[in-house]
Structure formats: structure tokens, C-alpha cells
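For reference, the structure is listed below as C-alpha cells.
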Amino acid sequence: MVGVEAQDREAVRALLAAVRAEGRDALTAPEGRTIAGAYGIAVPGEALARDVDEAVAHAARLGGKSVLKIVSPDILHKTDAGGVVVGVEGAAEVRAAFHRIVENARAHAPDARIDGVQVQQLLPPGQEVIVGAVTDPTFGKVVAFGLGGVLVEVLKDITFRLAPVSADEAMSMLDSIKAAEILRGVRGAPAVDRWALAEQVRRVSQLVTDFPEIAEVDLNPVIATPEGAVAADIRILLTTEAARPRRTYSREEILRSMRRLMQPRSVAVIGASNEQGKIGNSVMRNLVDGGFPGEIHPVNPRADDIQGRKAYKSVTDVPGEVDVAVFAIPAKFVASALEEVGRKGVPNAVLIPSGFAETGEQALQDEIVAIAERHGVRLLGPNIYGYYSTWQDLCATFCTPYDVKGPVALTSQSGGIGMAILGFARSTRTGVSAIVGLGNKSDIDEDDLLTWFGEDPNTQCIAMHLEDLKDGRAFVEAARATVPKKPIVVLKAGRTSAGAKAAGSHTGALAGDDAVYDDILRQAGVIRVPGLNEMLEYARALPVLPAPQGDNVVIITGAGGSGVLLSDAIVDNGLRLMEIPADLDAAFRAFIPPFGAAGNPIDITGGEPPATYEATIRLGMEDPRIHALVLGYWHTIVTPPMVFAELTARVVEEFRARGIEKPVVASLAGDTEVEEACAYLFERGIVAYPYTTEKPVAVLGAKYRWARAAGLLT
């Protein structure tokens, strides 16, 4: 935590209260300087001049050239108002600049209150950067760092983190922008004081954490030199409305409720039906035909028997405890039925019906949320397809059944995406532990499910499609607890910068929704994917690959063209081709023809027999300096696809039996026979794809990103 004295913090609190009391939401530059001083944010020497003579005196005292800026609580963008003059020196220039600034300001905003002109030391030349903070609607206080100056909104080379940031996180931000090398010095220019820059970031992050009423902070530009980092301008905006509190639950409460949702002993179907084509009929059939071993209680006031089971007029009539109530009734009847579920003490309600907030019926959704909170019922949905918990043989949905048990948990906010997930899982025989629809997320959302899946022994990888997050910080907290144990893959839909339109600062203008999501999901260790297919392929493949132990990746290929493309993919995915030492180079050369190529990629050429593939793969598995293998296969009659697949799987399995596990991925090019070979390899723990060099390396890159986030790699 930044070392801020209690009296300094109280002085800031009093200043902010005074600004709010005046009905203002923007601080003047002198007020910003006061706050900067309290938090150790470096700013140049400056003083407020209320008349031209004071301006001349202040400029003489500061010495050298000065910058003059208008001071007005009603003029946020001083440059746009002609309220800034740079490089003023001498009494005559100061006088002229003072009068020009005031005249420009009055012409720009005739009714603006003008407190005077700020006289500031002109900073020496240096690298201009921006340091700031915004209040993101999803993640709350977010700190930003990037290139600054007049091109900041053009280049948009900026990165974000949740506030507050540690010293290490602040330093990592300096390395996360595209122009990071500039800060280290290029073309003979000296490196800037990186520690001083990181401190500016850290102190701003602590300021907005200590004072939630601060909406935005903008230090732009910050002039970074080898001697330090000084904010030439500081802008601070206050919030105009209080944040709505969200109902929160402890980790223990979440796990207790999720356990009864995902591992229920008793399920009631509200609106169960004998009539074909009804959602209540489909849910009942899926539960019964899916072999759910627990109790299934149909609830329908107009039936005595549904699918061979006694039907109850109300859920309150069901004997014993009920873990989950699945609703298959129209939206207008949900509230009254939910009251009965609450009186019964059912902890979870799965709301399949649509007709709530997604159709403009927000009041109806608010009503059911209030009922649920009053009775302590957790809501999944509404507007969902239901959910699958395969290890419990539970299919609580009106969609097609699915019963292939496996290690992947999948969630989606959209029903259509949910069905795409189902079809992909079936066509690829991807075993799943759960498929969950979230819909409107009136209550249960991604952080609840992450908390559960993080502890679920049947889940090894979590993949989530989402359009938004209700509470980004809760999601990040759950992700950080889960990532060290298992990877999280996220497809975030909607990449527009809608949040930039009404921004009051450069930082705010740059903090578009997607930019913030991208950086903060990365900060949490989440693997973000660009599309649905990538999400599904990563979810399918990541549990197959063992975690890498180091960064050295080696390509073994039978085709030089594939080797080049695989090398490109390695770079694109942030991986590193191993520099082959002389002894290992000689070892590989012993197995390949003279016209082949050692080094990395290792090109064994296409005409080689199976023995050459086997020998080189065996060497790659055996040498402890090699941490991952990328195989490029080219279809020939000399080494047919299934021969390649069988020998590769046999060698890899042999080493696994000896306790040597490395991620191995393969790209197979050839006739349609390579499809069968890829399926064979995939089933045996080798991620393989036909007709593509990009996809297997992308999967390997995702595994590496998770391994780094989980702390498995240095």
C-alpha cells in the first residue's frame, strides 16, 4: 500500500467533500495538485496566479521557461479552449500569454468561472506517457498506462489492470504496451526511470481505491526521463451517482448451494406435463430417460400422474427435501410458484421460461429476484435451456440429452451457443462434466459456477461464453482461485468501445469495454479466445495435454513448408523455438538424411520411413532440455497416416509410462486418411489436427499461457 499519512488522507477527503458541496464533479488543477502532493504523485513546480502581476512573479520564482494554463472548474479540456500556452519566458511573454489565455477562455465559455492561471515549470524533453484510472461498470476501479501526448487517442497503445496494483503489477504494465521498448531506450535514446513510472501508476491506483467517489484520474502527459517521471497535467473527475450494491455470498455459501444444484438428490419439475411438445414434458423425459438416480417429482395442479410418477398440486406437497426446482411454466406464473418453492425451503430454482428482462419485463425479473432473496433461493436463469450434470446422470433441460462424461465444464449465456456446445461435444466425443445455461443471470452467474467447478474433482477445464459480467471483481477473484488448479477459457462476445462515448478524460476515452476486458481477463490468468470454435477446441484439447515444464519447443516435420508455417505459428502464439545445442543437433542429424535439415525446425524430409519419425520423436521425448514437441506430418505411401499416428502414440505412451510427460501436438497434411489419424492421436493424448498448422500450435500456446498464469513456468 502507498504510504499515505492519515492527515494527508483526511485532507483529501475534506477537499473532495468541499468540491461535492459546490455541486462540482471536476477538480481544478490546483486542487488536483493538492491531491497529488498527498499521494506522492510527482508534479512540476507551479503556482496559481489570480492576476497578471502574480503570474509574472511566479514565473520569475520558478525560473526558466513556463507553461501557463487556465484554471476553471467549468473548462475540462483546457487545450481545446485555447487555455494553454507552452514555453513562455520573461515578463513580457508571461503578461501576453496570461491575457490571451483568459480572453480565449471567456470566448470559449462565457459563463465559466475563472479562478486564475496556473504557472508551471516547463518540464525537460522526455517520453510522454499517460497514467490514469477509470471506474469501469464491470470491474470497478481500473488503472491505465500507455503512450501519452497528443497521439494517445490515435495510437491507443494502453493497458489496464484492476486497482490497486502491486509494485510488480505496475511494472508489468510498462512491459504490456506495444511500444514497451521505447521506455528501455531505442536508437541511442536513454532508458526512462521505469521505477518512477511504475510508482506513478501504483499511487494513482491507491488513490482511486481509497476514494471510490473519484470516477477518473488522468495524468497526461507524464514526462518520463532517466531521472524520473513527472505529471505535467492532472485531471480528476468525481462520480455523479452512487453504485447500486449487489447481493453477495461467501465462498462457503456458494459451494453449499452449488453442491445441491450440481449434485442433487431430489428434483421437482414445476409445470411437468404428459403432453408431447411441452417443455415440461421434455424436461421430465430427459430426467427419467437420462437415468437420474435421485427422486423426480412432477408438479402440476391438473394432473395426478406424469410419466409414471405421482404428480403434486404444489411443490409444498412434495414429501421430504427438494434440492432443485426446475420451472417449465410461463413467465407470468413464475413469481407465485417461486413463493411456494421458497416456503418449501428449496435452495435452487432453475428458470427455463423466457419473458423477463430480455423482452423488456425488468419489473417481473426484479420481482422474482426479490422473492428469491427473501426466501434464500438461488436462481439459475431465467431464459435458459436448463443444465446438464453428467456425472450425476442429470439432464435438466428441454434440449437433446447428452451423457458422455468427461473433464470439461461448459457454460453459455446464450441458448444458441449452448446448443452449438452440445453439437460440438457430440461430434468430437468430448466428455463433459457439465453444460450450464446462464441466460439473464438474475442471480447465479459465472463467478458462482467458477467457484464450484474450481473445486469439482470431475472438472479439469472450464470454458465460458459470456456477453457481460455482472460483477467483474467477483469473477476475477474466483478465477484467481481456480487458475492455479485448472485452465479457464472465455469467449467474450461484443468487442465495441461503447464506454468511450461519454468519457471526460483521455483515460476514459481509451477505456472501451473490450480493451478493459482483454487486459483484466489476462491479469486474472484467463485464456481469452476470439471465437466459438477456438473456445470449444481449447476446452476439448487442454485437458489432453500435460503441463509443460519449460519454454523450449522443438518442431519435427517431414515437410519444409509446414516447418515454416509452424514456426510462424510458434511466434504468433508467444512460444519460443529452442536454440538447439551442438550435441543435440548432432544427435538429430544421426537420424535424418544428409539433404534434411537439423536446427529447429528439424526437417526429416517427406520420403523417410516410419523409423525416422520414430527415432526423432523418441529423441525429442528423451532429451530433458526439450519441453514440448510440435510434429508436422506429410502424407506419403512410405509412411501412411495411420502408421505415423500409431508409432507416435506408442512412443509418447512409452515415455509417459516412464514418468516423462511433455505436451505433443501434431499437424497432419494429406488426403482424407489424415482425419482418422488425427482422431486416433487425440484419443491417446496427442492434440492433432488435419489441414492446419495454426490450430495445434494455438492449443499449445493456450496451454503455455495457462501454465504461466498458474505459476508452473518461470
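- The environment of CD in E654 is crowded: more than 12 heavy-atom neighbours from other residues, nucleotides or ligands sit within 6.0 Å.
- The neighbour count for E339 CD, taken as heavy atoms of other residues, nucleotides or ligands under 6.0 Å away, is above 12.
- Within 6.0 Å of atom NZ in K405, more than 12 heavy atoms from other residues, nucleotides or ligands are found, so the atom counts as buried in its surroundings.
- For R374, the CZ atom is densely surrounded, since the number of other residues' heavy atoms within 6.0 Å is greater than 12.
- Among all heavy-atom pairs drawn from V483 and G525, the shortest one is CG2-O, 3.6 Å.
- Counting heavy atoms from C-beta outward, F292 and N286 have side chains that stay 4.5 Å or more apart.
- Judged by distance alone, the side chain of K695 and the main-chain N or O of E537 form no donor-acceptor pair under 3.5 Å.
- Listed here is the closest heavy atom pair of M621 and K662: O-NZ, 2.9 Å.
- One side chain, Y385 or S412, offers a donor N or O that lies under 3.5 Å from an acceptor on the other.
- Of the possible polar contacts, one joining the Q413 side chain to the E467 backbone as a donor-acceptor pair under 3.5 Å is found.
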Inset, instruction - Tell me, with the steps shown, if D304 and K313 meet salt bridge (Lys or Arg N to Asp or Glu O under 4.0 Å). - result: CA-CA 8 Å; D304 297 319; K313 307 298 182 187; 3.6 Å; yes
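- Side-chain contact of S273 with N300: a donor-acceptor pair under 3.5 Å is absent, judged by distance alone.
- Here the CG atom belonging to D448 is positioned 10.0 Å from the CG atom belonging to D471, to the nearest 0.5 angstrom.
- Atom CZ of R265 sits in a sparse spot, with 12 or fewer heavy atoms from other residues, nucleotides or ligands closer than 6.0 Å.
- Note that the CD1 atom of I444 and the CE atom of M258 stand 3.5 Å from one another [nearest 0.5 Å].
- For R302, the CZ atom counts as loosely surrounded, since its 6.0 Å shell holds 12 or fewer non-hydrogen atoms of other residues, nucleotides or ligands.
- Rounded to the nearest 0.5 angstrom, R260 CZ and R378 CZ are separated by 13.5 Å.
- A distance-only check finds no donor-acceptor pair linking the side chain of K441 to the backbone of E446 [under 3.5 Å].
- Looking at E694 and T692, their side chains do bring a donor and an acceptor atom within 3.5 Å of each other.
- Between R650 and E653 there is no salt bridge, since none of the side-chain N atoms of the basic residue sits less than 4.0 Å from a carboxylate O of the acidic one.
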Inset, instruction - Dump the intermediate steps for side-chain contact (heavy atoms from CB on, under 4.5 Å) on W706 and V489, then the final yes or no. - result: CA-CA 9 Å; W706 169 72; V489 180; over 6 Å; no
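- Separating the OG1 atom in T648 from the CD1 atom in I686 is a distance of 6.0 Å, to the nearest 0.5 Å.
- Between L668 and Y689, the closest side-chain pair of non-hydrogen atoms is not below 4.5 Å.
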Inset, instruction - May I have the step-by-step check of side-chain contact (heavy atoms from CB on, under 4.5 Å) for L469 and D445, ending in yes or no? - result: CA-CA 8 Å; L469 289 170; D445 61 9; over 6 Å; no
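- Minimum heavy-atom separation, G381 to S442: O-OG, 2.8 Å.
- Put simply, CG on L338 and CD1 on I368 are 6.5 Å apart, with the number rounded to the nearest 0.5 Å.
- Judged by distance alone, the side chain of D443 and the main-chain N or O of L379 form a donor-acceptor pair under 3.5 Å.
- Environment of CG in N533: crowded, with over 12 heavy atoms of neighbouring residues, nucleotides or ligands closer than 6.0 Å.
- For the pairing with L287, the side-chain contact (heavy atoms from CB on, under 4.5 Å) check across T397, V269, D393 returns one residue only, V269.
- Of all heavy-atom pairs spanning M535 and A463, the tightest one is CG-CB, 4.0 Å.
- Ring geometry for Y517 versus F139: interplanar angle over 60°, hence perpendicular rather than tilted (30 to 60°).
- With hydrogens and angles disregarded, no donor-acceptor distance shorter than 3.5 Å links the side chain of T138 to the backbone of G472.
- Counting only heavy atoms from C-beta outward, the side chains of L410 and T430 never approach each other to under 4.5 Å.
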Inset, instruction - Determine, step by step, whether Y402 and Y388 satisfy the ring-ring contact (aromatic ring centres under 6.0 Å, His included) criterion, reporting the C-alpha distance in whole Å, the side-chain angles of both residues, the deciding distance to 0.1 Å, and the verdict. - result: CA-CA 8 Å; Y402 188 76; Y388 304 78; 7.1 Å; no
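- Counted within 6.0 Å of CD on E321, heavy atoms from surrounding residues, nucleotides or ligands total 12 or fewer; the atom is thus considered open.
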Legend entry - Step-by-step side-chain contact (heavy atoms from CB on, under 4.5 Å) determination, V652 to R684: CA-CA 9 Å; V652 171; R684 287 154 182 81; over 6 Å; no
Legend entry - Full working for salt bridge (Lys or Arg N to Asp or Glu O under 4.0 Å) between K486 and D456: CA-CA 11 Å; K486 53 194 77 171; D456 177 24; over 6 Å; no
Legend entry - Intermediate values then yes/no, side-chain contact (heavy atoms from CB on, under 4.5 Å), R540 and V408: CA-CA 7 Å; R540 172 192 177 205; V408 181; 5.9 Å; no
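- Closest approach of A420 and L536 over heavy atoms only: O-CD1, 4.2 Å.
- Under the 4.5 Å side-chain criterion, counting only non-hydrogen atoms from C-beta, E275 is not in contact with N281.
- In this structure a side-chain-to-backbone donor-acceptor pair under 3.5 Å is present from E358 to G355.
- A 4.5 Å side-chain heavy-atom check between R309 and V288 finds at least one atom pair inside the cut-off.
- A donor-acceptor contact shorter than 3.5 Å links the side chain of R473 to the backbone of K141.
- The existence of a salt bridge linking R528 and D514 is confirmed by a sub-4.0 Å separation between a basic side-chain nitrogen and an acidic carboxylate oxygen.
- Contact of the I488 side chain with the F453 side chain is not registered, since no non-hydrogen atoms from C-beta on lie closer than 4.5 Å.
- No donor-acceptor pair under 3.5 Å is formed between the side chain of S257 and the backbone N or O of I254.
- Side chain of H465 to main chain of L491: no donor-acceptor pair is present (N/O by atom type, distance under 3.5 Å, no hydrogens or angles).
- The minimum heavy-atom distance between V346 and A325, with the atom names listed, is CG1-N, 3.8 Å.
- Considering only heavy atoms from C-beta on, Q263 comes within 4.5 Å of W452 through its side chain.
- Taking the side chain as every heavy atom from C-beta outward, I417 and L532 approach each other to under 4.5 Å.
- Expressed to the nearest 0.5 Å, how far OG of S414 lies from CG of L466 amounts to 12.0 Å.
- A donor-acceptor pair is defined here as one N or O able to donate and one able to accept, closer than 3.5 Å; no such pair exists between the side chain of D323 and the backbone of N348.
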